[in-house]
Amino acid sequence: MARNRPIPLVIDCDPGTDDAVALLLAAASPELDLVAVTAAGGNVGLDHTLRNALALMRLAGHSTPVYSGADRPLLGRYQGVQWVHGEDGMGGVGLPPGGPPAPGHAADALRALLRTAPAPVTLVGIAPVTNLGLALATEPALADKIAEIVLMTGAWGEGNATPAAEFNALSDPEALQILLGLGRPITIAGLELTAQALVTPARIAALRTLGGGACLQAACDVLASVPHAKRLGGEGSALHDPCAVAWLIAPHLFTARPCFVEVDCGPGPNRGRTVIDRWDRLGRPHNARVLETLDADGFFALLGQRLARLP
Ligand code: RIB
Ligand code: CA
């Protein structure tokens, strides 16, 4: 479906190596108008995720405002995954510092942005969605200003943070449930989808040949720092967050299924499990579109072509 103007979007992130590539992909794509970036604590603490988001937007030559947000979930305590992303969240790949954050809290900025937006805005959540949950729980009427919510979250099967839960969903299930209950179009890229975007040394080497720009090389460097995932057989790692951005740029690379989705907000071992009813066994109304398959070669070709455009 050809669009005649760029999609206005906000990316809520926790860079994070895969978030970094997602931000660069968005910055390089004329189909998207990145109007704001909001940072949350997630992969690593908010101090690092904010610094990384600022550095990445400067590296990409973008003046998009970056807002500091929640450093912990709505309930419960913050827990990072530094062993995946490094203590600094960028796999130890030092980026030149970015500028200062935009003033104000991310949730307030999101509300102000939605309130005044001339057209509905797309929200991309590739972190624990505390900022998005806070903004919309405190002003639910703003849901009418949302065109679509695209989330990297959840799984219909095994988790990656616990046997039951994917990391973003586990980190703030209450915030995720707020979004699932909004009644707005939600698209979910879960672990079964992102596992198809398998980053291997060969794919990184192929990306490196596409140009010498700082952004492309930094993306390859952070990807090369990610440990191979035992869950995926130990050969490579899933490139999670760029899948959410790629959906907006090239939906033809995906197949999707409308489903009923809810998240377990209980205290037990199933906390953060996303119940994704792909076969309509519960007979509940569909509240999300779940991405099921990815043309991986097409995805990496798109990624390389876009990253090579950046400075
Ligand atoms: O489970 C993968 C997700 O958790 C990705 O968004 C990754 O960056 C982490 O935030
Ligand atoms: Ca993330």
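Counting starts at 1 for both ligands and their atoms, following the listed order. Throughout, residue positions are numbered sequentially from 1 according to the sequence presented.
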Would you tabulate the polar-atom pairs, meaning N/O of ligand 1 against N/O of the protein, with distances under 3.5 Å, reported to 0.1 Å?
{"unit_1": "ligand 1", "atom_1": "1 (O)", "unit_2": "Asn160", "atom_2": "ND2", "d": "2.9"}
{"unit_1": "ligand 1", "atom_1": "1 (O)", "unit_2": "Glu166", "atom_2": "OE2", "d": "2.6"}
{"unit_1": "ligand 1", "atom_1": "4 (O)", "unit_2": "Asn168", "atom_2": "OD1", "d": "3.2"}
{"unit_1": "ligand 1", "atom_1": "6 (O)", "unit_2": "Ile126", "atom_2": "O", "d": "3.0"}
{"unit_1": "ligand 1", "atom_1": "6 (O)", "unit_2": "Asn168", "atom_2": "ND2", "d": "3.0"}
{"unit_1": "ligand 1", "atom_1": "6 (O)", "unit_2": "Asp241", "atom_2": "OD1", "d": "2.6"}
{"unit_1": "ligand 1", "atom_1": "6 (O)", "unit_2": "Asp241", "atom_2": "OD2", "d": "3.1"}
{"unit_1": "ligand 1", "atom_1": "8 (O)", "unit_2": "Asp18", "atom_2": "OD1", "d": "2.6"}
{"unit_1": "ligand 1", "atom_1": "8 (O)", "unit_2": "Asp18", "atom_2": "OD2", "d": "3.1"}
{"unit_1": "ligand 1", "atom_1": "8 (O)", "unit_2": "Asp19", "atom_2": "OD1", "d": "2.9"}
{"unit_1": "ligand 1", "atom_1": "8 (O)", "unit_2": "Asn43", "atom_2": "ND2", "d": "2.9"}
{"unit_1": "ligand 1", "atom_1": "8 (O)", "unit_2": "Asp241", "atom_2": "OD2", "d": "3.1"}
{"unit_1": "ligand 1", "atom_1": "10 (O)", "unit_2": "Asp14", "atom_2": "OD1", "d": "3.2"}
{"unit_1": "ligand 1", "atom_1": "10 (O)", "unit_2": "Asp14", "atom_2": "OD2", "d": "2.9"}
{"unit_1": "ligand 1", "atom_1": "10 (O)", "unit_2": "Asn43", "atom_2": "OD1", "d": "3.3"}
{"unit_1": "ligand 1", "atom_1": "10 (O)", "unit_2": "Asn43", "atom_2": "ND2", "d": "3.4"}
{"unit_1": "ligand 1", "atom_1": "10 (O)", "unit_2": "Asn168", "atom_2": "OD1", "d": "2.9"}

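Arg72 and Thr130 are not linked by any side-chain donor-acceptor pair at a separation below 3.5 angstrom, with hydrogens and angles left out of the test. Side-chain contact of Asp264 with Asn270: a donor-acceptor pair under 3.5 Å is absent, judged by distance alone. For Asn43 and Asp19, the side-chain atoms include at least one donor-acceptor pair closer than 3.5 Å.
Of all N, O or S atoms in Asp14, the one lying closest to the Ca ion (ligand 2) is OD1. Residue Asp241 approaches the Ca ion (ligand 2) most closely through its N/O/S atom OD2.
Contact annotation: Ala22 places no N, O or S atom under 3.0 Å from the Ca ion (ligand 2).
Between Glu158 and Arg273, none of the side-chain N atoms (NZ, or NE/NH1/NH2) sits under 4.0 Å from a carboxylate O, so this pair counts as no salt bridge. In summary, Glu235 and Lys230 do not engage in a salt bridge, as defined by a charged side-chain N under 4.0 Å from a carboxylate O. Between Glu192 and Arg278 no salt bridge is recorded (no basic side-chain N to carboxylate O distance below 4.0 Å).
Trp156 does not carry Arg257 over the face of its six-membered ring by the limits of under 6.0 Å from the centre and within 45° of the normal.
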